[in-house]
Amino acid sequence: MSESSASINESSANEPPLANREQWSSRLVFILAATGSAVGLGNIWKFPYITGENGGGAFVLIYLFCIASIGIPIMMAEIMLGRRGRQDPVTTMKKLAKESGHSRSWGLLGWMGVIAGFLILSYYSVIAGWAMAYVPRMATGLFNGLEADGVNTVFSDLVSNPEGLIAWHTLFLFMTMAVVARGVRGGLEKAVTFLMPLLFILLVILIFYAMGTGHFKQGLTYLFTPDFSKITTEGILSAMGHAFFTLSLGMGAIMVYGSYLPSNTSIAKATIAVAFMDTLVALMAGMIIFPIVFANTLEPSAGPGLIFKTLPLAFGHMDYGTFFGTLFFILLVFAAWTSSISLIEPAITWGMKTFQISRLKTSFISGVLVWLLGLLTVFSFNLTSDFTITSTISTNYGEFVILKDATVFDFLDYLTSNIMLPLGGLMIAIYAGWLMKKKYSREELNINRFWYTIWLFLVRFIAPTMVIIVFLNAMGVVAFIRTIMGV
Ligand code: PHE
């Protein structure tokens, strides 16, 4: 199709003109939807296990620092670009670039997001499938009275059976695509309004359980006392990558949600609210998991199975554990569901527009593609678990491990969270901070001069510099330069 960056008004049948383009019904709904996107497996499944793999406190501190100094300003920037463009990420970027007199190649940023969304959803859906598989296991009381060994066996039986994993992956993906096919407003708004608060209440109940394990203090110490000797370059990279992942940044999800945002809502307040809730949920998950880990002499570094090995232990020993456990995994599935919808939404809006096909068809085709890709993750835990990649860069200064014994799943996760999302975020920061006319960003953000200056400083200097340094560092480049220069 011809490059119509200003295509809002000459839109196709799929893309209603601005005046009646789908919009959230209120600011609260936007906050809920964006929180729905942000809070997901990233908070409850991924945060605890990568914290455990990276030794606890120091990792958590770096992660929190990244949320505040990179995540929040970039989230504001991404919502802002979305709202100003009011299109799919590819078209939005082209349109905005044209508006400020820059190259249309900025559309590539949207493209990378679309691809990242596909890749992430492919494994996200498999893990969400694990959570679904735990619902009937909890409900039938399978874990009642089991000790660590028994619980571990249940987990390894699950992941070693590809057919089972495929079945759950299929079901979860079907649920996701069914909502997406009906449009974001349909079921999604209603689902988030009451499920999110319910999940929160359940986490509070679990914290009380964790307090009773006798190892609560040890858990908190692990989470909040930084020991920097445990932190590695890769650890810093994954803390930064996780800040992007958990806030759903850098791939257009929040941009698309922003495109449905009414023009009079405050982007800054919405961002702070979302980032706050997201961080709170992650920290609560950590405060639940680690006391259970220590009380049962489990390994914090157990990897992706961590919550599936710890939480059932708690539920299995707790009054009404069957009930709470079942409810917990149901809510976890819902949290994953509201995130997965946003993972594929950029691809859907883009596909509809580019190929001029209906939302339903686009959803179907994307669903099939993601399903196929997901098989790679399914097999990473069984058939192809021995197929691993190790990648190192060696310099005179030392050996830099980029990936170690990574399965295809590990590789996909690394590629998306640690590379594609930060790269997307970096480009968003550069665009919003340096290339977009200040007049436009001020107009969209609509905050006073003081806060605007702080925001501009963060997106112009701090966020890009930090992303670049972490990247270079992770690639061993800094070490390399030092070697060459002999310092
Ligand atoms: N933020 C989601 C989570 O924490 C995952 C996600 C990443 C969703 C990127 C959308 C975009 O689970």
Side-chain angles (χ1 to χ4, degrees), residues 31-51 63 66-67 71-72 74-75 78-79 82 89 109-110 112-131 172-173 176 179-180 184 188 192 195-196 199 203 238-258 271 274-286 304 307 331-350 366 370 412-425 428:
I31 295 185
L32 284 170
T35 311
S37 164
V39 175
L41 294 175
N43 308 61
I44 294 170
W45 160 74
K46 194 171 177 189
F47 172 73
Y49 97 74
I50 57 177
T51 298
Y63 152 80
C66 290
I67 294 279
I72 292 179
I74 292 187
M75 189 167 199
E78 190 169 338
I79 299 176
L109 169 59
M112 188 173 71
V114 167
I115 297 172
F118 263 97
L119 297 179
I120 299 178
L121 184 57
S122 79
Y123 70 79
Y124 206 84
S125 164
V126 175
I127 311 292
W130 296 359
F172 182 81
L173 202 57
T176 302
V179 174
V180 170
V184 277
L188 181 60
V192 285
L195 292 170
M196 285 286 140
L199 178 68
L203 290 173
S238 49
M240 180 179 82
H242 188 64
F244 283 96
F245 185 90
T246 191
L247 293 177
S248 309
L249 292 183
M251 50 76 61
I254 287 293
M255 196 183 280
V256 172
Y257 276 22
T271 300
V274 174
F276 175 77
M277 285 187 276
D278 186 76
T279 310
L280 187 64
V281 171
L283 294 179
M284 285 169 84
I307 67 159
L331 291 175
L332 182 59
V333 172
F334 274 102
W337 198 3
T338 53
S339 301
S340 61
I341 290 163
S342 70
L343 275 164
I344 201 67
E345 185 65 17
I348 303 293
T349 47
W350 171 81
S366 319
V370 174
L412 281 175
D413 178 38
Y414 186 90
L415 176 69
T416 51
S417 319
N418 294 5
I419 298 177
M420 295 176 88
L421 301 186
L423 202 59
I428 289 173

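Every value quoted in this text rests on a predicted model; they were computed, and no experiment measured them. For ligands, and for the atoms within them, numbers begin at 1 and follow the listed sequence. By convention here, the first residue in the shown sequence is residue 1. What's counted below: heavy atoms across the whole structure, side chains too, no hydrogens, waters or symmetry copies.
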I want to check something: taking the side chain as every heavy atom from C-beta on, are Leu412 and Ser122 in contact at a cut-off of under 4.5 Å? yes

Quick one, Met277 and Ile31 - any side-chain contact, counting heavy atoms below 4.5 Å? yes

Starting from [atom], which protein heavy atom do you reach first, and at what distance in Å?
atom	answer
atom 8 (C) of ligand 1	Ser248 OG, 3.3 Å
atom 2 (C) of ligand 1	Ser37 O, 3.3 Å
atom 4 (O) of ligand 1	Ala38 O, 2.9 Å
atom 12 (O) of ligand 1	Tyr124 OH, 2.5 Å

Just going by heavy-atom distances, which of Phe245, Phe244, Trp45, Phe47 is nearest to atom 6 (C) of ligand 1? Phe245

Could you tell me which atoms of ligand 1, counted from 1 in the order shown, lie closer than 4.0 angstrom to a heavy atom of Met251? 11 (C)

Would you compute the distance between atom CD1 of Ile348 and atom CD1 of Ile341 and round it to the nearest 0.5 angstrom? 11.0 Å

Ignoring angles and geometry beyond distance, decide whether [X] reaches within less than 3.5 Å of ligand 1 through its nitrogen or oxygen atoms.
X	result
Asp278	no
Ile120	no
Leu41	yes

Step-by-step side-chain contact (heavy atoms from CB on, under 4.5 Å) determination, Asn43 to Met284: CA-CA 9 Å; Asn43 308 61; Met284 285 169 84; over 6 Å; no

Checking heavy atoms under 4.0 Å, the part of Ser342 that sits near ligand 1 is side chain

Check the angle between the aromatic planes of His242 and Phe245 and answer parallel, tilted or perpendicular using the 30° and 60° thresholds. parallel

Between Ser37 and Ser248, do the side chains contain an N or O donor and an N or O acceptor separated by less than 3.5 Å? yes

Minimal heavy-atom distance between Gly40 and Ser339, with the atoms involved, is CA-OG, 3.5 Å

